[in-house]
Every structure is written in structure tokens, then in C-alpha cells.
Amino acid sequence: MPVRTLRTPSPTPTPRRQRRALGALAATAAAALAAAALLPAGQAGAAGPTLRSLAEAKGIYFGTAMTQSDLNNSTLTAVAGSQFGMLTPGNEMKWDTVESSPGNFNYGPADRLVAFAQTHTMKVRGHTLVWHNQLPSWVSNLPGSQVQGAMRNHITNEVGHYKGKLYAWDVVNEMFNEDGSFRNDAFYNAMGSGFVADALRTARAADPDVKLYLNDYNIEGQNAKSDAMYNLVKTLKSQGVPLDGVGFQAHFIVGQVPSSLKANLQRFTALGVNVAITELDDRIPLPASSANLAQQATDYANVVNTCLAVSGCVGVTQWGTGDADSWIPGTFPGYGAATMYDNNYQPKPAYTASVNALGGATNSPSPSNSPSPSPSSSPSPSPSPSPSSGVGCKVTGAVNAWNTGLTDNLTITNTGSSTVTAWTLGFTLPAGQTVTSAWNATITPSSGQVGARNLSYNGTISPGGSTSFGYQANHTGDAGLPTQFTLNGTPCTTG
Ligand code: G3I
């Protein structure tokens, strides 16, 4: 029986990028490096430099949106709790959940998400207080004279409930039409455009420290809608209305990131507010072609690099952890694959491109053509984690094959300095191979791009330590070893 061993691919040099400090969010470069090297307790699933650690080392955050039901998915929570440093509740802080009838406040669902974030030392963006959508009919049916009171009471109660616990609030969401006019929702109809300032002042009174944002979609490029937001922000700032930032949702179509994104963000920061990418996704016609996945990687790198290049851009949040969690297929039939993780939470090219844009080193070349750091970036020395401070993985394996079947034994070695407390080894099986059984791991799905997950007794791999598992598979002629190994999203060397 032939026994084959794995070959080691040549490493990719670590890109160096530049970054300025970010107020309260980023710790010092030393602390960020420490975060990259030693992940806090509870960050199961982190094997090496993560989106989170790399972003924080650059002075920004990388976030994800999660819903209450996501908490039941251990694969999702392992990824979210390790790769992301900011959490936005997808629905649970909206008016229809929090105050479905007048004065009856329900914080249970959102509290559970905040607790998850706290357990994983993630910050939280509150989303959202005043929005025409997911608004109970009792509000939209109120006489105009009562809307302001209901709005103030809602804001005061909800912001007060989370006082001191959140990083930011999306105070008003999606107030503009595409032509830049105000949306004729219950709030505008009752109070005119002054409802925005009123909402911001009410939120500030309830929590003096939380960042206050306005948030909208289709304002990423320079257009009539972003002009309207720009003019509103300018007016609010000139009036002394408390406003800390503008959220750009960034629900993009593959290949259509606006070329004016950077200039647009910069004109907002010039007004004295921060900016954030708050709901990033990049939808692709299904089935997703490799060309579109490569373009998506370019798009993600573009967004990350743009945020890094704009002083005052505090972070990037993806809307949903993986493709399985995305709102896109339900809203845009025929489109999907909009996030950095596939339906099985395996990283896609957009993940690698984002890691590379953040200065992480991967040994699988990104298909993206990440733009160079902007000349306007700060010239301060890069705090990129050195290879020795990150953690990594190596996979060795041997296959024993016969005419229609094979067994494969794989050994994962933790080549870094952080203990892995739960692992998923992603890899791609050769065409025609179907896993029929496994030991020391569960493997799903049975063919193609799969994930092998630890069992209850072998989730921990100390630095320098290793663990082994294996599987039996049928094959149709190609009895080769798997390829493209990743440990909790981090590409592994082989040998
Ligand atoms: O809770 C009900 C459930 O009881 C019912 O059985 C089910 C039947 O359809 O609907 C459930 O409500 C759904 C809700 O999400 C919670 O799952 C709504 O139908 C559905 O429309 C709603 O979609 C949310 C959408 O906002 C509503 O506008 C998405 O999950 C959420 O991701 C999305 O998020 C928005 C941001 O808040 C603002 N920017 C755009 C973004 C994407 O639309």
C-alpha cells in the first residue's frame, strides 16, 4: 500500500502596514501584540493571528453581527468568539423586540448576546434605536403629537439599560431616501428632520460615554444620499448636537465597491466624526464562481485597506458570521455567498484577503490584488505581529490506499505560542473521495471542502503539542491526500 506524505508550501512574506492609534478602542501596540500572542480565555477556536487580533494591532476593530439563534451553533460561536472583537445584535435591540407594546421592555434576547460578547471580551455596537423598519405598529399608528414622547421614552429606557456596556449606538438608522430627501416615516412625519437631533440628545442624556452614530446604506460612495448625510452631519455638528460617528452599512455587490469610498469617508471625518463600516457583505450571483470569489476577496481587501487608510475609521463589521447566516439569499433571490466564511464556516478567499490587508501572514496566496497602503497613511512604525508572536499550525499525514478505499491519519501540530482550546481543521478532499467514518474527530460534510472538529477529549493543543485523527474514505481513482489545511481559519503549513 502506498504511503504518501505532505509537502511544505513556500511561505509568503509578512506584509508590513501602517496604522495610527485609535482612541479608546485600541490598546497600545504592545498590548495588541500581546492580544495576538495570547488570546483571552473564552476565545475557543482561535489558533493564530485572527481578524480581531490583527485589526486591533492596527488600531481598528473587526466585528460581526449575531442573532440570538446563532448562540446555539457551536461552530459559529467558536468562529465569532475568536475572530471578531465587536458584536452587533442583528435584530434583538430593535424596537419590535425591545418594546413590542408601549412601555413593556424585553431585553432578554439582546442581553444574551451582550453576555456572549462579554464572555469573549468583544465590544458591542447597539443597533438600532430609531428606524422605520421593525417598528411596531403601535408606534407608527400613534397620533403625531405622541411620537416624540414614545421615541424619547424608548431611547431613554434602552440606552439606560445598556449604559456603560456598549461601545456605540446606531441612534438613527436609514433616515434618507435614495435622492437624499428624508424618508417619510413616523418620526419625520411627526417631528420633521429635527427628530434626528432630538434622538441624539436623548441618547446622550441616557449614557454620556457611549458613541452615538447615524447609520445608513448606499452612502458609501459620493452620491445624492451621502451628500444628504454629509450635510446633516455638518449641520448637527455646527449646532453642537452630540454625534460621534457615521456608519456606512456597505451592503455591496461583487465588483461594485464605489471608487469614491475613501474620499467619501474622508470628507466625513473632516467634519469631526468617526466613520465605521457597519454591515459589510458582498453578494455574488449563485452559484459563486471562483472568479467572483476572487473579486470578492479584492473587494474585502479594498474595504479593509480603505478603513486602515482613513484616520478616524474605527472598524469594519461584517453582517453575519458566515454565508449561512446572511440575510442576502432571502432578500435578493439568486444572490448569496456574501461573507468571508462559507456555509460550513470555512474561510473563503475574502478571509485570506482581509487577513493579508491587516498585515497577517498566510501561506496560501490571496487571490486578491490588495491595494497598497495609501500614501496618506500615518508613517508610524507598523505594529504588525511578528511570526514568532503569532501562532500557527502544521499538518502531517499519511494515507494508506487500496483500489476503492483509503485511510488517512492526520496530525496537527500547534506551532505557535497560544494554546488552542477547540479546533476545526478545514481541508479539501480530492475529487471522488467520500469520508465514510472518522476517529478522534467529526468530519462534515463528507466530500469536497470539509471540516474536522475535535471531540470532547482532544480539543486542547498546547504550544508545540499535537493531536491526531483520521478517517476512512471511498475514492474513485484519486487516493491523494487532502490540501488547503486551515486550523480555525488560519492556513497551516504541511510537511
Ligand atoms: O421574528 C419573526 C418570526 O417570528 C417569524 O416567524 C419570521 C417569519 O418570516 O419572521 C421573523 O422576523 C424576521 C426577523 O428578521 C427576525 O428573524 C423578519 O421576517 C425579517 O424580515 C427580519 O430580517 C431582518 C432585517 O434586518 C429586517 O429589515 C434581518 O434579519 C436583519 O439582518 C436585517 O438587518 C438590517 C439592518 O438592521 C439594517 N440594515 C440592513 C440590514 C439588512 O436588511
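Order of appearance sets the numbers: ligands from 1, and atoms from 1 within every ligand.
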Tell me whether N274 contacts the main-chain N or O of G245 through its side chain, where contact means a donor paired with an acceptor under 3.5 Å. no
Will you find, in the side chains of T121 and R52, an N or O donor that is under 3.5 Å from an N or O acceptor? yes
Would you check ligand 1 and list the protein residues that come within less than 4.0 Å of it by any heavy atom, ordered by chain and number? N91, K94, H127, W131, N133, Q134, N173, E174, Q249, H251, E279, W319, W327
Between the side chains of D323 and S326, is a donor N or O closer than 3.5 angstrom to an acceptor N or O? no
For the NZ atom on K237, are there more than 12 heavy atoms of other groups (residues, nucleotides or ligands in this structure) within a distance under 6.0 Å? yes
Count the heavy atoms of every other residue, nucleotide or ligand shown that sit under 6.0 Å from CD of Q148, and state whether that count exceeds 12. yes
Suppose we call two aromatic rings close when their centres sit under 6.0 Å apart. Are F187 and W131 close by that rule? no
